[in-house]
Amino acid sequence: MSVKEQQTNTNSSLAQITLPLVEIFSAIQGEGANVGCRQIFIRLAGCDLRCTYCDSAHTWFVPPHALIEESTGDRHFQRIPNPVTAAHILEAVQHLNTPPIHDSISLTGGEPLLHAATLAQFLPLLKAHSSLPLYLETGGHHPAALELVLPYLDSVGMDIKLPSVSGECHWSAHEAFLRLCDRASVEVFCKVIISQTTDPADLDRLSALVAGVNLHIPVFLQPVTPVGTGRCTPPPTPAQVLAWQAQLKARLSNVRVVPQTHKFLGQR
């Protein structure tokens with residue numbers, strides 16, 4: 001096959017691959033191990049969870065138009081009809097990637113793994129067009145879908161949903177998901193939202209789950225941060241946070257408490 005034919009096939013693939021987007025933008029990561037780092041966010045639309053504390057319910061469904069930031073960090077957006085082609089996404093990422101500002105690309109949502117089959121086609125193209133590491137932010141409850149995209153990821157931040165806080169319960173899926181990450185050559189950490197309603201029994205189950213996979217996997221306790229948009233879930237008291245961190249540290253080696261800092265910064 002000639003170089004021209006290869007280029008034609010590539011262009012055809014870029015036009016055929018489409019994803020439902022909420023937005024693409026540059027911002028400071030506010031959660032987990034990458035807190036404070038600058039990332040390009042590719043926020044995919046659609047979520048199959050309905051967490052009671054969700055501060056991004058606008059991502060649950062596919063909007064008619066996606067928002068794509070025009071220049072790095074300027075918060076002026078173009079409106080592009082959904083779904084958006086791979087070619088358009090790659091162009092947007094390349095345009096925003098002003099060296100040496102960004103540390104990685106965040107694939108977030110919604111729940112990105114609802115689109116795992118398409119991402120398995122798109123992520124090799126994204127890696128070929130960008131030198132930035134790929135970071136997946138996920139609810140951590142779709143292990144079969146994770147297997148499709150895991151070879152292309154550099155790090156994974158998975159939520160573990162405490163039933164007493166989120167209203168969701170996915171313990172067995174979380175365990176299978178975490179085992180896949182731990183066996184792969186990716187950095188993985190867990191994020192756990194806590195509030196006044198947190199049941200210590202949920203934390204016992206959480207610590208047993210993580211310790212059963214690898215007690216050195218970092219766990220980030222994230223107190224509900226009632227700043228800006230979001231639902232009115234009561235945050236934990238300082239005494240609760242101290243007690244719950246100590247409870248987890250009885251089994252796990254790396255437990256940190258980090259609020260959702262992007263809310264304080266007014267980031268998306």
Side-chain angles (χ1 to χ4, degrees), residues 28-37 49-56 106 108 135-141 143 146 155-184 186-265 267:
I28 297 168
Q29 175 61 248
E31 299 181 345
N34 296 308
V35 66
C37 294
L49 302 182
R50 294 295 181 265
C51 298
T52 56
Y53 53 73
C54 183
D55 61 0
S56 53
S106 171
T108 186
Y135 163 57
L136 174 68
E137 294 188 274
T138 171
H141 59 295
L146 174 68
S155 60
V156 177
M158 66 164 289
D159 292 351
I160 293 184
K161 308 294 185 180
L162 302 183
S164 57
V165 183
S166 68
E168 297 282 346
C169 185
H170 302 278
W171 293 115
S172 59
H174 285 327
E175 181 178 3
F177 193 101
L178 191 58
R179 287 191 184 280
L180 285 172
C181 291
D182 186 57
R183 291 169 181 166
V186 297
E187 175 189 2
V188 61
F189 60 89
C190 299
K191 299 185 294 178
V192 185
I193 295 288
I194 53 175
S195 74
Q196 280 187 28
T197 66
T198 299
D199 184 346
D202 282 351
L203 296 176
D204 274 338
R205 187 158 185 179
L206 159 70
S207 64
L209 186 157
V210 177
V213 175
N214 182 344
L215 61 83
H216 300 297
I217 293 173
V219 172
F220 289 82
L221 290 179
Q222 296 187 175
V224 168
T225 308
V227 177
T229 60
R231 301 184 176 190
C232 298
T233 302
T237 66
Q240 285 176 318
V241 174
L242 289 169
W244 293 339
Q245 184 188 39
Q247 180 181 344
L248 294 183
K249 288 282 286 182
R251 274 197 180 116
L252 306 175
S253 68
N254 191 347
V255 182
R256 307 182 212 178
V257 177
V258 180
Q260 296 168 299
T261 61
H262 59 288
K263 294 188 177 183
F264 294 106
L265 296 172
Q267 297 283 295

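Computed from heavy atoms alone, side chains included, the values below leave out hydrogens, waters and symmetry copies. In this text, all values refer to a predicted model and were calculated from it rather than measured experimentally.
Taking all atoms of both residues into account, the shortest heavy-atom contact from Phe189 to Gly32 is CE1-CA, 3.6 Å. Val156 approaches Phe177 most closely through the heavy-atom pair CG1-CE2, 4.0 Å. Minimum interatomic distance between Pro200 and Trp244 (heavy atoms only, all atoms of both residues): CG-NE1, 4.1 Å. Shortest non-hydrogen contact noted between Pro223 and Leu221 is CD-O, 3.4 Å.
Remark: side-chain polar atoms of Gln196 are not paired, donor with acceptor, to backbone N or O of Pro236 under 3.5 angstrom. Side chain of Ser155 to backbone of Tyr135: no donor-acceptor contact under 3.5 angstrom is found. The backbone N or O of Val165 sits less than 3.5 Å from a side-chain atom of Thr52, completing a donor-acceptor pair. Using modelled atom types, no side-chain atom of Gln222 and backbone atom of Glu31 make a donor-acceptor pair closer than 3.5 Å. The backbone N or O of Lys161 lies less than 3.5 Å from no partner atom in the side chain of Asp159, so there is not a single donor-acceptor pair.
A distance of 9.0 Å separates NZ of Lys191 from OG1 of Thr138, quoted to the nearest 0.5 Å. Rounding to the nearest 0.5 Å places CG of Leu209 at 7.5 Å from SG of Cys190. Here CZ of Arg183 is found 10.5 Å from CG of Leu178. Values are rounded to the nearest 0.5 Å. Separation of atoms CG (Leu49) and NE2 (His170) is listed at 4.5 Å; rounding is to 0.5 Å. For the atom pair Cys54 SG and Ile193 CD1, the distance stands at 10.0 Å (nearest 0.5 Å). A distance of 6.5 Å separates CG of Asn254 from NZ of Lys249, quoted to the nearest 0.5 Å.
Side-chain contact between Leu136 and Leu146: present, with at least one pair of heavy atoms (C-beta onward) separated by less than 4.5 Å. In this structure the side chain of Ile160 reaches within 4.5 angstrom of the side chain of Val210, judged on heavy atoms.
Of the options Val255, Leu248, Leu215, Asp202, a side chain to side chain contact (heavy atoms under 4.5 Å, CB included) to Ser207 is made by Leu248 and by none of the others.
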Assess whether side-chain contact (heavy atoms from CB on, under 4.5 Å) is satisfied between Leu162 and Leu203, documenting all intermediate values. CA-CA 8 Å; Leu162 302 183; Leu203 296 176; 3.7 Å; yes
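Note on ring orientation: taking the six-membered ring where Trp is involved, the planes of His174 and His141 are perpendicular (angle over 60°, cut-offs 30° and 60°).
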